[in-house]
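Keep in mind that the numbers below use all heavy atoms, side chains included, and drop hydrogens, waters and symmetry copies.
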Amino acid sequence: LVPILSLDGQLGLQQAALLILGNMCSEEVDGHAAATKAIFKLSHGFEYLLQFLFSPDWLTVIYALGAVQNTCRDPDYWTLLRQLRVTKRLEELAHSEDAHVQRFA
């Protein structure tokens with residue numbers, strides 16, 4: 001799924017990858033979520049994922065937030081969020097007027 005996230009001009013595929021990734025990294029959805037998260041980390045997928053938080057497309061942002069929510073428990077990711085200054089974007093999304101965005105942010 002990580003290679004799909006890096007494709008240019010493939011929004012539909014990227015949205016599908018974000019949705020699948022978010023579900024596969026959820027312990028409630030997938031009993032093998034820990035293994036998925038380990039592969040995701042080795043693939044540097046979190047770094048690719050973060051760009052979608054800045055998408056002008058609402059659905060892409062929602063899917064990206066879900067995937068971030070299900071993968072960000074790793075302390076290395078929190079460091080990365082701070083280093084890349086993504087925490088400010090997450091705060092903006094948390095104060096969004098859109099209830100769906102707020103829920104996931």
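Connection of Leu11 to Ile62 is not established within any shared hydrophobic cluster, with ILVMFWY side chains joined at heavy-atom distances below 4.5 Å, either directly or through further cluster members. Put simply, Leu21 and Ile39 are part of two different groups of oily side chains (I, L, V, M, F, W, Y) that touch within less than 4.5 Å, one to the next. In the hydrophobic clustering of this structure, Phe54 groups with Leu81; members are Ile, Leu, Val, Met, Phe, Trp, Tyr whose side-chain heavy atoms approach within less than 4.5 Å, directly or through other members.
Side-chain contact check for Gln69 versus Leu65: every heavy-atom pair is 4.5 Å or farther apart. Considering only heavy atoms from C-beta on, Leu1 stays 4.5 Å or farther from Leu5 through its side chain. The shortest distance between side-chain heavy atoms of Gln15 and Leu59 falls below 4.5 Å. Under the 4.5 Å side-chain criterion, counting only non-hydrogen atoms from C-beta, Val68 is not in contact with Phe52. In this structure, Lys37 and Asp74 have side chains that are not in contact, with every pair of non-hydrogen atoms separated by 4.5 Å or more. In this structure, the side chains of Lys41 and Thr71 stay at 4.5 Å or more apart for every pair of heavy atoms.
Of all heavy-atom pairs spanning Leu49 and Ala67, the tightest one is CD1-CB, 3.7 Å. Listed here is the closest heavy atom pair of Leu84 and Leu50: CD1-CD1, 3.9 Å.
Separation of atoms CD1 (Ile4) and CD (Gln14) is listed at 9.0 Å; rounding is to 0.5 Å.
In this structure, Phe46 and Tyr77 have parallel ring planes: the angle between them is below the 30° cut-off, well short of the 60° mark.
With hydrogens and angles disregarded, a donor-acceptor distance shorter than 3.5 Å links the side chain of Arg89 to the backbone of Leu53. With Ser55 contributing its side chain and Asp57 its backbone, the two residues share a donor-acceptor pair below 3.5 Å. Proximity of a side-chain donor or acceptor of Asp30 to a complementary backbone N or O of Cys25 within less than 3.5 Å is not detected.
Applying the side-chain contact (heavy atoms from CB on, under 4.5 Å) rule to Ser6 yields the partners Tyr48; only residues at least two apart in sequence or on another chain are considered. Take Arg73 and apply the salt bridge (charged side-chain N to carboxylate O under 4.0 Å, His left out) test, not counting sequence neighbours, and it matches Glu27.
Applying the 6.0 Å contact sphere to CH2 of Trp58 captures more than 12 heavy atoms from other residues, nucleotides or ligands.
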